[in-house]
Amino acid sequence: MATAHAARRGPAVLGDLLPGSLARDAALVAGAAAFVGVAAQIAVPLPGTPVPVTGQTFAVLLAGAALGFGRAGLGMIVYLLAGMAGVPWFTDGASGAGFPTFGYVLGFVAAAAAVGRLAERGGDRTPLRTVATMLTGTAIMYAAGVPYLMASLHVGLGKALHLGVTPFLAGDALKVALAAALLPAAWKLTGRLTGRRTP
C-alpha cells in the first residue's frame with residue numbers, strides 16, 4: 001500500500017529519479033561530498049577579508065535540493081569529516097579545522113539537510129519556492145560561519161558581518177536566482193520525460 005502510494009506520488013527529490021536504492025544512495029552521498037570538494041577549489045580571494053568567493057556554497061544548496069534531507073546531510077558530514085581528517089578538499093586545498101572560515105563548513109551540514117527537507121516538500125518545484133528554500137540554506141550557512149569567524153579572528157559582530165557577509169550578498173543573490181531557474185526547469189524536463197505532472 002505504502003509503496004503504491006509512493007509510486008503515485010512520484011519522486012520527492014531529483015535524486016529519487018535515479019534507479020536503485022542502497023547503492024544509489026551511497027553513490028549520491030559520496031558524489032555530493034566530492035561535488036562540494038571540487039566546487040571549493042573555485043575560489044576567488046577578496047581584499048580585506050579571509051573569506052573568499054567560492055563555488056562550494058552553491059554546490060551545497062544544489063546537493064541539498066537534489067538529494068533530500070538524509071542523503072544531503074550525510075554527504076556534507078562526509079565532506080566535513082574527511083576534510084578534518086586530511087583530505088585536501090576545503091577551499092584552496094585546505095584540510096583540518098584551523099582556519100577562520102571553518103564555521104561555514106560546519107554550517108554546510110545543517111544547510112544541506114534543511115534545503116533537502118524543504119525540497120522534499122516541494123520547495124524546489126517553482127521559482128518562488130526555490131528562492132525561499134535557497135535563502136533559508138544561505139542564512140543557515142551565515143548563522144554558523146559568522147560566530148566562528150568572530151571567535152577565530154577575535155572581532156565583534158559588526159566586523160564579522162563586514163568580513164563574512166556583506167561582500168557576498170550580491171553573489172549569493174545570483175546563486176539563488178540561478179537555482180530558481182535551474183531546479184524548476186529540471187523538474188519540468190523530468191516531468192516531460194517521465195510523463196509525470198510536476199506540481
Side-chain angles (χ1 to χ4, degrees), residues 29-119 131-179:
V29 166
F35 177 47
V36 174
V38 170
Q41 308 318 307
I42 305 169
V44 179
L46 295 180
T49 175
V51 185
V53 174
T54 74
Q56 66 186 150
T57 53
F58 188 52
V60 170
L61 296 173
L62 289 182
L67 302 190
F69 174 81
R71 290 174 300 208
L74 187 55
M76 294 308 99
I77 290 172
V78 170
Y79 176 68
L80 170 66
L81 295 180
M84 291 178 67
V87 176
W89 61 3
F90 294 155
T91 301
D92 289 331
S95 60
F99 52 94
T101 58
F102 184 68
Y104 295 98
V105 180
L106 293 173
F108 291 168
V109 178
V115 168
R117 178 65 78 206
L118 291 170
V131 166
T133 297
M134 298 298 125
L135 287 176
T136 299
T138 301
I140 291 171
M141 286 186 269
Y142 281 136
V146 169
Y148 196 95
L149 203 61
M150 291 170 63
S152 177
L153 300 179
H154 306 290
V155 298
L157 177 59
K159 183 65 173 178
L161 291 172
H162 176 71
L163 294 174
V165 176
T166 306
F168 307 97
L169 293 177
D172 286 336
L174 180 61
K175 293 173 186 177
V176 168
L178 187 58

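A distance of 2.5 Å separates OG1 in Thr57 from NZ in Lys175, rounded to the nearest 0.5 Å. Note that CG of Leu80 is 5.0 Å distant from CZ of Phe102, once rounded to the nearest 0.5 Å.
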Could you go through the side chain to side chain contact (heavy atoms under 4.5 Å, CB included) check for Val105 and Met84 one step at a time? CA-CA 10 Å; Val105 180; Met84 291 178 67; over 6 Å; no
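Residue pairs satisfying the ring pair (Phe, Tyr, Trp, His ring centres under 6.0 Å) criterion with at least one member in residues 29-88, sequence neighbours excluded, are listed as follows: Tyr79-Trp89, Tyr79-Phe90. Screening residues 91-106 for side chain to side chain donor-acceptor pair (under 3.5 Å) gives Gln56-Thr91 as the qualifying pairs, with residues at least two apart or on separate chains. Sorted by first and then second residue, the salt bridge (Lys or Arg N to Asp or Glu O under 4.0 Å) pairs involving residues 56-80 (not counting sequence neighbours) are Asp16-Arg71, Asp25-Arg71. Residue pairs meeting the side chain to side chain donor-acceptor pair (under 3.5 Å) criterion with at least one partner in residues 34-53, sequence neighbours excluded, are absent.
When all heavy atoms of Ala72 and Ala63 are compared, the closest pair comes out as CB-O, 3.8 Å. A pairwise comparison of heavy atoms in Ile140 and Gly107 identifies CG2-O, 4.0 Å as the closest pair. Among all heavy-atom pairs drawn from Gly75 and Ala33, the shortest one is O-CB, 3.4 Å. Summarising the geometry of Val109 relative to Met76, their closest heavy-atom pair is CA-CB, 3.7 Å, with the distance given to 0.1 Å. For Val115 against Ala65, the heavy-atom pair with the smallest separation is CG1-N, 3.5 Å.
Thr133 is linked by a side chain to side chain donor-acceptor pair (under 3.5 Å) to nothing, counting only residues two or more places apart in sequence or in another chain. The side chain to side chain contact (heavy atoms under 4.5 Å, CB included) test applied to Val176 returns Val131, Met134, Leu135, Thr138, not counting sequence neighbours. Residues satisfying the ring-ring contact (aromatic ring centres under 6.0 Å, His included) criterion with Phe108, sequence neighbours excluded, are absent altogether.
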Which donor-acceptor pairs under 3.5 Å do the side chains of residues 142-165 make with protein atoms, sequence neighbours left out?
{"residue": "Tyr142", "atom": "OH", "partner": "Asp172", "partner atom": "OD2", "Å": "2.2"}
{"residue": "Tyr148", "atom": "OH", "partner": "Ala97", "partner atom": "O", "Å": "3.1"}

